[in-house]
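Here is how names work: the chains are called A, B, and so on, in the same order as the sequence lines, proteins then strands, and each is numbered from 1.
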Number of protein chains: 2
Amino acid sequence: MRIQVPREKAYLLLNHGPTTLVTAAHGGRANIMAVAWAMALDIDPPKVTLVISADSFTRSLMEKSGEFALSLPSTEQVDLTLAVGHSSGGDTDKFKKFKIATFPGSKIKAPLVEGCLGWMECRRIPEPHIEKTYDLFVAEVLAAWAEDSLFGPKGWTFREGLPSTIHHIGGSVFTFPGGMLTGKKL
Amino acid sequence: MRIQVPREKAYLLLNHGPTTLVTAAHGGRANIMAVAWAMALDIDPPKVTLVISADSFTRSLMEKSGEFALSLPSTEQVDLTLAVGHSSGGDTDKFKKFKIATFPGSKIKAPLVEGCLGWMECRRIPEPHIEKTYDLFVAEVLAAWAEDSLFGPKGWTFREGLPSTIHHIGGSVFTFPGGMLTGKKL
(Lines give C-alpha, C1' and ligand atoms only; values in the text may rest on other atoms or scores of the structure.)
Protein backbone atom coordinates (compact mmCIF):
# COMPACT_ATOMS: atom_id res chain seq x y z
CA MET A 1 0.00 0.00 0.00
CA ARG A 2 1.18 3.51 -0.79
CA ILE A 3 1.78 5.58 2.33
CA GLN A 4 2.98 9.12 2.85
CA VAL A 5 6.60 9.39 3.99
CA PRO A 6 7.18 11.99 6.74
CA ARG A 7 9.02 15.04 5.49
CA GLU A 8 12.20 14.35 7.50
CA LYS A 9 12.41 10.74 6.26
CA ALA A 10 12.09 11.52 2.54
CA TYR A 11 15.88 11.49 1.99
CA LEU A 12 15.93 7.79 2.91
CA LEU A 13 14.16 7.01 -0.37
CA LEU A 14 17.33 7.95 -2.29
CA ASN A 15 20.08 7.13 0.23
CA HIS A 16 21.07 3.85 -1.44
CA GLY A 17 21.31 5.29 -4.96
CA PRO A 18 18.32 4.01 -6.96
CA THR A 19 17.61 4.92 -10.57
CA THR A 20 14.66 7.31 -10.95
CA LEU A 21 11.96 8.16 -13.45
CA VAL A 22 11.49 11.91 -13.82
CA THR A 23 8.10 13.22 -14.93
CA ALA A 24 7.04 16.78 -15.67
CA ALA A 25 3.96 18.46 -17.14
CA HIS A 26 3.11 21.86 -18.57
CA GLY A 27 0.47 23.32 -20.87
CA GLY A 28 -1.34 20.05 -21.49
CA ARG A 29 1.84 18.08 -22.26
CA ALA A 30 3.60 15.61 -19.98
CA ASN A 31 6.78 13.59 -20.36
CA ILE A 32 8.88 10.98 -18.61
CA MET A 33 12.59 10.14 -18.69
CA ALA A 34 15.00 7.93 -16.76
CA VAL A 35 17.66 9.56 -14.55
CA ALA A 36 20.33 7.58 -12.71
CA TRP A 37 22.16 10.68 -11.45
CA ALA A 38 19.83 11.79 -8.68
CA MET A 39 20.59 11.97 -4.96
CA ALA A 40 19.45 13.40 -1.66
CA LEU A 41 20.81 16.86 -0.84
CA ASP A 42 19.26 17.68 2.52
CA ILE A 43 17.15 16.12 5.27
CA ASP A 44 14.79 18.82 6.53
CA PRO A 45 13.48 20.51 4.54
CA PRO A 46 14.16 17.60 2.19
CA LYS A 47 15.99 18.47 -0.99
CA VAL A 48 17.29 16.51 -3.95
CA THR A 49 19.76 17.20 -6.72
CA LEU A 50 19.81 15.57 -10.14
CA VAL A 51 21.24 15.85 -13.63
CA ILE A 52 18.79 16.46 -16.49
CA SER A 53 20.35 16.84 -19.92
CA ALA A 54 19.76 20.11 -21.73
CA ASP A 55 18.16 18.61 -24.82
CA SER A 56 15.44 16.65 -23.02
CA PHE A 57 11.76 17.49 -23.46
CA THR A 58 11.15 16.69 -19.78
CA ARG A 59 13.59 19.44 -18.85
CA SER A 60 11.73 22.05 -20.89
CA LEU A 61 8.43 21.04 -19.20
CA MET A 62 10.13 21.11 -15.80
CA GLU A 63 11.66 24.52 -16.40
CA LYS A 64 8.32 25.98 -17.52
CA SER A 65 6.28 24.49 -14.66
CA GLY A 66 8.96 24.64 -11.94
CA GLU A 67 7.90 21.16 -10.83
CA PHE A 68 8.71 17.52 -11.39
CA ALA A 69 8.19 14.13 -9.78
CA LEU A 70 10.64 11.35 -9.08
CA SER A 71 9.23 7.81 -9.19
CA LEU A 72 11.50 4.93 -8.19
CA PRO A 73 11.01 2.02 -10.60
CA SER A 74 10.95 -1.56 -9.36
CA THR A 75 12.69 -4.68 -10.60
CA GLU A 76 9.51 -5.30 -12.62
CA GLN A 77 9.98 -2.04 -14.53
CA VAL A 78 13.46 -2.47 -15.99
CA ASP A 79 12.21 -2.63 -19.60
CA LEU A 80 10.00 0.41 -19.07
CA THR A 81 12.90 2.36 -17.53
CA LEU A 82 15.09 1.60 -20.55
CA ALA A 83 12.29 2.43 -23.00
CA VAL A 84 11.64 5.92 -21.59
CA GLY A 85 15.38 6.51 -21.34
CA HIS A 86 15.98 5.67 -25.00
CA SER A 87 13.27 7.74 -26.70
CA SER A 88 12.32 11.42 -26.82
CA GLY A 89 8.92 12.77 -25.82
CA GLY A 90 9.07 15.81 -28.07
CA ASP A 91 6.98 14.13 -30.78
CA THR A 92 5.65 11.02 -28.98
CA ASP A 93 3.37 10.54 -25.98
CA LYS A 94 5.53 8.03 -24.13
CA PHE A 95 2.77 7.35 -21.60
CA LYS A 96 0.53 6.09 -24.42
CA LYS A 97 3.27 4.41 -26.43
CA PHE A 98 4.54 2.36 -23.47
CA LYS A 99 1.17 2.06 -21.69
CA ILE A 100 2.44 3.79 -18.53
CA ALA A 101 -0.25 4.20 -15.86
CA THR A 102 0.05 7.25 -13.60
CA PHE A 103 -1.68 8.84 -10.65
CA PRO A 104 -1.89 12.51 -9.68
CA GLY A 105 0.45 14.11 -7.16
CA SER A 106 -0.85 15.91 -4.08
CA LYS A 107 1.20 19.08 -4.51
CA ILE A 108 2.27 19.25 -8.15
CA LYS A 109 0.78 18.68 -11.59
CA ALA A 110 3.38 16.21 -12.89
CA PRO A 111 2.04 12.63 -12.96
CA LEU A 112 3.48 9.94 -10.68
CA VAL A 113 4.17 6.48 -12.13
CA GLU A 114 2.08 3.49 -11.00
CA GLY A 115 3.96 0.32 -10.03
CA CYS A 116 6.95 2.20 -8.68
CA LEU A 117 8.11 1.76 -5.06
CA GLY A 118 8.69 5.37 -3.97
CA TRP A 119 7.75 8.85 -5.16
CA MET A 120 8.83 12.44 -4.50
CA GLU A 121 6.91 15.54 -5.55
CA CYS A 122 9.49 18.23 -6.17
CA ARG A 123 9.63 21.99 -6.74
CA ARG A 124 12.71 23.34 -8.50
CA ILE A 125 14.88 25.77 -6.59
CA PRO A 126 16.31 27.91 -9.40
CA GLU A 127 20.10 27.74 -9.54
CA PRO A 128 20.86 29.13 -13.02
CA HIS A 129 24.65 28.79 -12.87
CA ILE A 130 24.83 25.06 -12.09
CA GLU A 131 21.82 24.31 -14.32
CA LYS A 132 23.61 25.89 -17.27
CA THR A 133 27.13 24.69 -16.46
CA TYR A 134 26.45 21.12 -15.29
CA ASP A 135 22.76 20.39 -16.15
CA LEU A 136 22.45 20.07 -12.36
CA PHE A 137 19.13 20.91 -10.69
CA VAL A 138 18.21 21.41 -7.05
CA ALA A 139 14.66 20.92 -5.77
CA GLU A 140 12.68 20.84 -2.55
CA VAL A 141 10.63 17.71 -1.88
CA LEU A 142 7.06 18.85 -1.16
CA ALA A 143 5.64 15.37 -0.53
CA ALA A 144 7.01 11.81 -0.56
CA TRP A 145 5.36 8.41 -0.78
CA ALA A 146 6.47 4.77 -0.58
CA GLU A 147 5.21 1.21 -0.67
CA ASP A 148 4.78 0.39 3.01
CA SER A 149 5.68 -3.29 2.56
CA LEU A 150 9.24 -2.20 1.70
CA PHE A 151 9.74 1.19 3.37
CA GLY A 152 9.33 2.05 7.06
CA PRO A 153 10.54 4.62 9.60
CA LYS A 154 14.15 3.40 9.22
CA GLY A 155 14.04 3.36 5.42
CA TRP A 156 13.99 0.47 2.97
CA THR A 157 13.98 -3.23 3.81
CA PHE A 158 14.77 -5.42 0.83
CA ARG A 159 14.24 -9.17 0.85
CA GLU A 160 15.16 -11.79 -1.73
CA GLY A 161 12.35 -12.60 -4.11
CA LEU A 162 10.43 -9.36 -3.48
CA PRO A 163 10.46 -6.33 -5.78
CA SER A 164 13.15 -3.75 -5.06
CA THR A 165 14.56 -0.56 -6.48
CA ILE A 166 16.87 -0.81 -9.51
CA HIS A 167 20.31 0.74 -9.90
CA HIS A 168 21.81 1.47 -13.30
CA ILE A 169 25.09 -0.28 -14.09
CA GLY A 170 25.34 0.97 -17.69
CA GLY A 171 23.78 0.26 -21.09
CA SER A 172 20.74 -1.94 -20.57
CA VAL A 173 22.05 -3.49 -17.34
CA PHE A 174 20.88 -2.80 -13.79
CA THR A 175 21.62 -4.23 -10.39
CA PHE A 176 19.23 -4.51 -7.44
CA PRO A 177 19.52 -4.86 -3.63
CA GLY A 178 20.36 -8.40 -2.57
CA GLY A 179 19.65 -8.10 1.15
CA MET A 180 20.57 -6.12 4.24
CA LEU A 181 23.86 -5.72 6.15
CA THR A 182 24.01 -4.22 9.63
CA GLY A 183 27.36 -2.83 10.75
CA LYS A 184 28.88 -3.30 14.19
CA LYS A 185 30.81 -0.80 16.27
CA LEU A 186 34.59 -1.15 15.77
CA MET B 1 43.91 -6.69 -9.23
CA ARG B 2 43.65 -2.90 -9.27
CA ILE B 3 43.49 -1.52 -12.79
CA GLN B 4 43.19 1.99 -14.14
CA VAL B 5 39.72 2.88 -15.42
CA PRO B 6 39.73 4.85 -18.71
CA ARG B 7 38.73 8.47 -18.21
CA GLU B 8 35.43 8.15 -20.10
CA LYS B 9 34.36 5.08 -18.09
CA ALA B 10 34.97 6.57 -14.64
CA TYR B 11 31.31 7.62 -14.20
CA LEU B 12 30.32 3.94 -14.27
CA LEU B 13 31.95 3.52 -10.85
CA LEU B 14 29.16 5.62 -9.29
CA ASN B 15 26.21 4.96 -11.63
CA HIS B 16 24.49 2.50 -9.30
CA GLY B 17 24.72 4.71 -6.20
CA PRO B 18 27.35 3.21 -3.88
CA THR B 19 28.37 4.71 -0.55
CA THR B 20 31.83 6.31 -0.63
CA LEU B 21 34.73 7.01 1.68
CA VAL B 22 36.13 10.52 1.21
CA THR B 23 39.77 11.15 2.09
CA ALA B 24 41.70 14.42 2.04
CA ALA B 25 45.15 15.56 3.17
CA HIS B 26 46.86 18.89 3.81
CA GLY B 27 49.84 20.13 5.79
CA GLY B 28 50.80 16.74 7.19
CA ARG B 29 47.25 15.84 8.30
CA ALA B 30 44.85 13.44 6.59
CA ASN B 31 41.31 12.40 7.32
CA ILE B 32 38.56 10.07 6.15
CA MET B 33 34.76 10.22 6.33
CA ALA B 34 31.82 8.31 4.87
CA VAL B 35 29.59 10.01 2.28
CA ALA B 36 26.46 8.37 0.85
CA TRP B 37 25.42 11.45 -1.12
CA ALA B 38 27.87 11.29 -4.01
CA MET B 39 27.06 10.81 -7.69
CA ALA B 40 28.43 11.14 -11.19
CA LEU B 41 27.95 14.54 -12.81
CA ASP B 42 29.56 14.18 -16.24
CA ILE B 43 31.14 11.55 -18.48
CA ASP B 44 34.06 13.22 -20.26
CA PRO B 45 35.81 14.94 -18.64
CA PRO B 46 34.49 12.90 -15.72
CA LYS B 47 33.03 14.91 -12.89
CA VAL B 48 31.36 14.05 -9.60
CA THR B 49 29.22 15.95 -7.14
CA LEU B 50 28.88 15.20 -3.43
CA VAL B 51 27.66 16.60 -0.14
CA ILE B 52 30.26 17.23 2.58
CA SER B 53 28.95 18.75 5.78
CA ALA B 54 30.39 22.09 6.81
CA ASP B 55 31.66 20.98 10.21
CA SER B 56 33.76 18.04 8.98
CA PHE B 57 37.54 18.03 9.32
CA THR B 58 37.81 16.28 5.94
CA ARG B 59 36.11 19.28 4.35
CA SER B 60 38.62 21.72 5.79
CA LEU B 61 41.52 19.58 4.47
CA MET B 62 39.80 19.29 1.10
CA GLU B 63 39.18 23.02 0.86
CA LYS B 64 42.80 23.81 1.71
CA SER B 65 44.32 21.25 -0.68
CA GLY B 66 41.70 21.45 -3.43
CA GLU B 67 41.82 17.65 -3.70
CA PHE B 68 40.14 14.55 -2.34
CA ALA B 69 39.76 10.87 -3.13
CA LEU B 70 36.67 8.70 -3.26
CA SER B 71 37.17 5.04 -2.30
CA LEU B 72 34.22 2.65 -2.69
CA PRO B 73 34.04 0.34 0.33
CA SER B 74 33.18 -3.32 -0.08
CA THR B 75 30.76 -5.56 1.81
CA GLU B 76 33.74 -6.47 4.01
CA GLN B 77 34.15 -2.84 5.10
CA VAL B 78 30.72 -2.05 6.53
CA ASP B 79 31.99 -1.69 10.11
CA LEU B 80 34.87 0.51 8.96
CA THR B 81 32.51 2.70 6.95
CA LEU B 82 30.29 3.22 9.99
CA ALA B 83 33.26 3.87 12.26
CA VAL B 84 34.72 6.67 10.12
CA GLY B 85 31.25 8.10 9.64
CA HIS B 86 30.56 8.29 13.37
CA SER B 87 33.75 9.95 14.64
CA SER B 88 35.59 13.20 13.95
CA GLY B 89 39.18 13.39 12.77
CA GLY B 90 39.86 16.81 14.25
CA ASP B 91 41.55 15.34 17.33
CA THR B 92 41.99 11.67 16.33
CA ASP B 93 44.01 9.97 13.60
CA LYS B 94 41.23 7.71 12.29
CA PHE B 95 43.66 5.82 10.06
CA LYS B 96 45.60 4.72 13.15
CA LYS B 97 42.60 4.28 15.42
CA PHE B 98 40.77 1.99 12.96
CA LYS B 99 43.90 0.47 11.39
CA ILE B 100 43.01 1.69 7.88
CA ALA B 101 45.64 0.81 5.28
CA THR B 102 46.04 3.23 2.39
CA PHE B 103 48.03 3.62 -0.80
CA PRO B 104 49.10 6.83 -2.56
CA GLY B 105 47.17 8.34 -5.44
CA SER B 106 48.78 9.00 -8.81
CA LYS B 107 47.60 12.60 -9.18
CA ILE B 108 46.70 13.85 -5.70
CA LYS B 109 48.10 13.73 -2.19
CA ALA B 110 45.03 12.34 -0.44
CA PRO B 111 45.43 8.66 0.49
CA LEU B 112 43.31 5.95 -1.17
CA VAL B 113 41.82 3.19 1.01
CA GLU B 114 43.08 -0.40 0.64
CA GLY B 115 40.46 -3.14 0.37
CA CYS B 116 37.96 -0.93 -1.47
CA LEU B 117 36.63 -1.87 -4.93
CA GLY B 118 36.94 1.43 -6.81
CA TRP B 119 38.74 4.74 -6.41
CA MET B 120 38.55 8.25 -7.90
CA GLU B 121 41.22 10.91 -7.52
CA CYS B 122 39.41 14.24 -7.61
CA ARG B 123 40.22 17.93 -7.92
CA ARG B 124 37.64 20.37 -6.59
CA ILE B 125 36.08 22.77 -9.06
CA PRO B 126 35.31 25.79 -6.85
CA GLU B 127 31.58 26.58 -6.79
CA PRO B 128 31.31 28.86 -3.73
CA HIS B 129 27.55 29.45 -3.91
CA ILE B 130 26.42 25.81 -3.83
CA GLU B 131 29.22 24.87 -1.42
CA LYS B 132 27.97 27.47 1.04
CA THR B 133 24.23 27.02 0.43
CA TYR B 134 23.97 23.23 0.13
CA ASP B 135 27.38 21.84 1.23
CA LEU B 136 27.50 20.59 -2.37
CA PHE B 137 30.87 20.17 -4.09
CA VAL B 138 31.79 19.59 -7.72
CA ALA B 139 35.05 17.96 -8.76
CA GLU B 140 36.85 16.67 -11.81
CA VAL B 141 38.05 13.06 -11.70
CA LEU B 142 41.76 13.08 -12.55
CA ALA B 143 42.27 9.32 -12.33
CA ALA B 144 40.06 6.31 -11.54
CA TRP B 145 40.82 2.74 -10.51
CA ALA B 146 38.83 -0.46 -9.92
CA GLU B 147 39.19 -4.10 -8.99
CA ASP B 148 39.29 -5.82 -12.36
CA SER B 149 37.52 -8.95 -11.12
CA LEU B 150 34.37 -6.86 -10.63
CA PHE B 151 34.68 -3.91 -13.05
CA GLY B 152 35.18 -4.05 -16.82
CA PRO B 153 34.57 -1.89 -19.91
CA LYS B 154 30.78 -2.06 -19.36
CA GLY B 155 30.98 -1.28 -15.65
CA TRP B 156 30.39 -3.44 -12.61
CA THR B 157 29.46 -7.11 -12.59
CA PHE B 158 28.23 -8.32 -9.22
CA ARG B 159 27.83 -12.00 -8.37
CA GLU B 160 26.35 -13.65 -5.29
CA GLY B 161 28.95 -14.56 -2.71
CA LEU B 162 31.58 -12.14 -4.01
CA PRO B 163 32.37 -8.74 -2.46
CA SER B 164 30.39 -5.81 -3.83
CA THR B 165 29.85 -2.13 -3.19
CA ILE B 166 27.64 -1.11 -0.26
CA HIS B 167 24.71 1.28 -0.33
CA HIS B 168 23.54 3.12 2.76
CA ILE B 169 19.95 2.48 3.83
CA GLY B 170 20.13 4.54 7.05
CA GLY B 171 21.56 4.26 10.57
CA SER B 172 23.93 1.29 10.66
CA VAL B 173 22.18 -0.56 7.81
CA PHE B 174 23.40 -1.02 4.24
CA THR B 175 22.22 -2.96 1.23
CA PHE B 176 24.38 -4.48 -1.50
CA PRO B 177 23.90 -5.59 -5.14
CA GLY B 178 22.18 -8.97 -5.40
CA GLY B 179 22.83 -9.69 -9.07
CA MET B 180 22.34 -8.30 -12.55
CA LEU B 181 19.20 -7.57 -14.59
CA THR B 182 19.33 -6.89 -18.33
CA GLY B 183 16.41 -4.99 -19.84
CA LYS B 184 14.71 -5.83 -23.12
CA LYS B 185 13.39 -3.48 -25.77
CA LEU B 186 9.66 -2.76 -25.31
Side-chain angles (χ1 to χ4, degrees), chain A residues 9 11-12 14-19 36-42 47 49-51 75 78-84 86 97-99 125 127 129-130 133-136 138 154-158 160 164-186, chain B residues 9 11-12 14-19 36-42 47 49-51 75 78-84 86 97-99 125 127 129-130 133-136 138 154-158 160 164-186:
Chain A
K9 301 285 187 183
Y11 77 99
L12 292 172
L14 292 180
N15 239 17
H16 66 308
T19 293
W37 297 354
M39 69 177 185
L41 180 63
D42 207 351
K47 296 191 194 81
T49 184
L50 74 170
V51 176
T75 36
V78 168
D79 299 346
L80 169 65
T81 303
L82 281 179
V84 301
H86 287 168
K97 184 175 178 185
F98 301 117
K99 301 185 180 70
I125 299 173
E127 288 290 356
H129 169 65
I130 58 170
T133 309
Y134 305 113
D135 297 327
L136 186 63
V138 169
K154 293 182 175 178
W156 296 102
T157 301
F158 298 113
E160 224 185 311
S164 68
T165 51
I166 59 174
H167 301 247
H168 196 212
I169 292 289
S172 54
V173 182
F174 294 78
T175 186
F176 57 90
M180 311 297 279
L181 277 175
T182 300
K184 293 178 298 294
K185 200 169 185 306
L186 276 192
Chain B
K9 301 285 186 182
Y11 76 100
L12 292 173
L14 292 180
N15 239 17
H16 67 308
T19 293
W37 297 354
M39 70 176 185
L41 179 63
D42 206 350
K47 295 191 196 80
T49 184
L50 74 170
V51 176
T75 37
V78 168
D79 299 345
L80 169 65
T81 303
L82 281 180
V84 301
H86 288 169
K97 183 174 179 187
F98 301 118
K99 300 185 180 72
I125 299 172
E127 288 291 356
H129 169 65
I130 58 170
T133 309
Y134 305 113
D135 296 328
L136 186 63
V138 169
K154 293 181 174 179
W156 296 102
T157 302
F158 298 114
E160 224 186 311
S164 68
T165 52
I166 60 174
H167 301 246
H168 196 211
I169 292 290
S172 55
V173 182
F174 294 78
T175 186
F176 57 91
M180 312 296 280
L181 277 174
T182 300
K184 293 177 298 294
K185 199 168 184 312
L186 277 193

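- For B:F174, the parts lying under 4.5 angstrom from a heavy atom of chain A are both the backbone and the side chain.
- For B:I169, the parts sitting under 4.5 Å from any heavy atom of chain A are the backbone and the side chain alike.
- For chain A, the nearby parts of B:L181 are the backbone and the side chain; heavy atoms of each come within less than 4.5 Å.
- Counting heavy-atom pairs closer than 4.5 Å to chain B, the top residue among A:G170, A:A40, A:S164 is A:A40.
- Put simply, CG on A:D42 and OG1 on B:T133 are 11.0 Å apart, with the number rounded to the nearest 0.5 Å.
- By number of non-hydrogen pairs under 4.5 angstrom with chain B, the leading residue of A:H86, A:H16, A:H129 is A:H16.
- Within the 3.5 Å criterion, the main-chain N or O of B:M180 finds no donor-acceptor partner in the side chain of A:T175.
- Using a 4.5 Å cut-off between heavy atoms, B:L50 touches chain A through its backbone atoms (N, CA, C, O) alone.
- Only the side chain of B:A83 comes within contact range of chain A, judged by heavy atoms closer than 4.5 Å.
- In terms of heavy-atom pairs under 4.5 angstrom with chain A, the leader among B:Y11, B:W156, B:F176 is B:F176.
- Neither the backbone nor the side chain of B:T19 comes within less than 4.5 Å of any heavy atom of chain A.
- For B:T75, the parts lying near chain A are the backbone and the side chain together; criterion is any non-hydrogen pair under 4.5 Å.
- With respect to chain A, the highest number of heavy-atom pairs below 4.5 Å among B:D135, B:V138, B:N15 belongs to B:N15.
- Here the side chain of A:D79 pairs no donor or acceptor atom with the backbone of B:L186 at under 3.5 angstrom.
- Proximity to chain B (any heavy atom under 4.5 Å) is restricted, for A:L82, to the side chain, taken from C-beta onward.
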Side chain to side chain contact (heavy atoms under 4.5 Å, CB included) between A:I125 and B:Y134, worked out: CA-CA 12 Å; A:I125 299 173; B:Y134 305 113; 3.4 Å; yes

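- For B:T49, the parts lying near chain A are the backbone and the side chain together; criterion is any non-hydrogen pair under 4.5 Å.
- Heavy atoms closer than 4.5 Å to chain A are found in the side chain of B:K47, but not in its backbone.
- The contact between B:K184 and chain A is made by backbone and side chain atoms together, counting heavy-atom distances below 4.5 Å.
- In terms of heavy-atom pairs under 4.5 Å with chain A, the best-connected choice from B:K154, B:E160, B:E127 is B:E127.
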